[in-house]
Amino acid sequence: MTSSSTTTTTTHPLVDDYLRRLERAARVLPRSQRDELLDEIRSHLAAGLDDAHGEVNDANDANYGTGATDVSEADVRNLLDALGDPADIVSAAGPDRPPPRRGATEILALVLLVTGLPPVIGWLGGAVLAVSSRLWTTRQKVLAIVVWPGGWAATLLFTLGQWSRGETCDLDGTNCTSSGMPYWLAVTLAIVFVVVPPVIVAVHLYRAARRRADEL
Amino acid sequence: VAPAIEVLSQLRRGALEYCVLALLADEERYGFDLVRTLGSTDGLVTGEGTLYPLLSRLKKAGRVATTWRESDAGPPRKYYAITAEGRRALAEFTAEWRRFRDAVDTLLAQGAES
């Protein structure tokens, strides 16, 4: 019976628990880096268990190389303690992360969505960019897209304000009398209700994107 | 000004790369063996596991290369070997490190005398 044909599955519950914690901690790493790290640690643990096992049994023993379970709990704990905290291992892999994304896509998306310019195309482009964002959550993408009426609605209200002046002038253009909503009020309303909220939301979303970019 | 422990941890982290290269200077080594040797050197590493990301960085930087080799016991093992590029980096570091170490030692000794 050859031991090398046996798959190295670590069977010790402490080892399994350790690997689970490492897998969870390693989620922040890019896929290839994570897989490589997990492979290395798994093979380290298998070799460490073999090592401990080899000291107890003859190296020709059929179980040699299988990460066998008949090592003492103290050996396993020593092995895991020497490896260190999974979180520390993952953070040691940190500096190799890809350079943080600066959120250029998100900024452009917000500018297009908030201004809505050029009409229709601006909004569509902004929405596409927002959806493709890798820094925003789904909720934030939805928020980004509903921000859009801000741009054109402000323009609309501004225009309505112009109309609502309902100016009637004498034929020579003097002696104007206004009816309807005064111009200044329309502008104030436009600013308070239509321009400010999307800008606040946009700032909030921009910050969210930056935070996320820093985490990555 | 950074606390002493932080300075030392930065120094250690920086020097560790070259300790790995130094260990590989004469022979290629199996990852486990390499990590164990470094881990059992007092004051060098806190967790052996943190050495694997370091090895991965060295590999990406072209300073070490890896080969899989069949093992008498268990699955194939990944062996690390120093590259020409790694040797150059090690030689450069070794020379500078000695100057640095001597300078710091001299000044620290003067400080201890006074």
Side-chain angles (χ1 to χ4, degrees), chain A residues 2-10 18-19 21-22 25-26 29-30 32-51 53-54 57 59-68 78-97, chain B residues 5-6 8-17 19-20 23-24 28-81:
Chain A
T2 57
S3 56
S4 53
S5 61
T6 320
T7 334
T8 307
T9 45
T10 43
Y18 183 89
L19 284 172
R21 282 192 290 141
L22 182 65
L29 299 176
S32 61
Q33 207 183 339
R34 181 178 60 209
D35 289 349
E36 188 187 9
L37 181 63
L38 286 168
D39 278 351
E40 291 275 33
I41 299 290
R42 269 192 213 106
S43 105
H44 179 99
L45 287 169
L49 289 174
D50 274 352
D51 225 33
H53 177 82
N57 298 279
N60 294 323
D61 186 291
N63 282 331
Y64 194 78
T66 59
N78 282 330
L79 183 64
L80 296 178
D81 280 356
L83 263 182
D85 187 4
D88 289 342
I89 299 177
V90 171
S91 67
D96 205 28
R97 286 173 207 166
Chain B
I5 191 161
E6 213 171 280
L8 286 170
S9 119
Q10 297 275 355
L11 267 176
R12 199 179 289 130
R13 201 172 316 150
L16 202 51
E17 266 181 56
C19 295
V20 170
L23 275 180
L24 294 172
E28 58 170 31
R29 280 171 186 258
Y30 168 38
F32 177 75
D33 171 37
L34 191 56
V35 165
R36 264 293 155 94
T37 309
L38 287 163
S40 59
T41 310
D42 183 46
L44 203 54
V45 268
T46 43
E48 291 175 357
T50 60
L51 289 164
Y52 285 107
L54 173 73
L55 287 172
S56 159
R57 270 198 294 281
L58 284 171
K59 189 184 166 187
K60 218 170 270 179
R63 292 181 173 183
V64 301
T66 57
T67 329
W68 289 93
R69 295 202 192 288
E70 286 301 329
S71 133
D72 301 339
R77 294 173 163 187
K78 200 188 211 175
Y79 277 78
Y80 290 85

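No experiment lies behind these values; they were computed from the predicted model shown. In what follows, every chain begins at residue 1, and chains take the letters A, B, ... in the order their sequences are listed.
Using non-hydrogen atoms only and a strict 4.5 Å limit, the part of residues 31-39 of chain B facing chain A consists of B:F32, B:V35, B:R36.
Heavy-atom minimum distance, B:Y30 versus A:A47: OH-CB, 3.0 Å. The shortest non-hydrogen separation linking A:A93 to B:P53 is CA-CB, 3.6 Å.
Side-chain contact between A:I41 and B:Y52 is present, with at least one heavy-atom pair separated by less than 4.5 Å. A:L37 has its side chain out of reach of B:S56: every pair of non-hydrogen atoms, C-beta onward, lies at least 4.5 Å apart.
To the nearest 0.5 Å, atoms CG (A:L83) and CG (B:L51) are separated by 9.5 Å. Expressed to the nearest 0.5 Å, how far CD1 of A:I89 lies from CD of B:E48 amounts to 9.5 Å.
A salt bridge links A:E36 with B:K78; the closest basic N to acidic carboxylate O contact falls under 4.0 Å.
Interface remark: A:L38 contributes no atoms to any contact with chain B (heavy atom separation under 4.5 Å).
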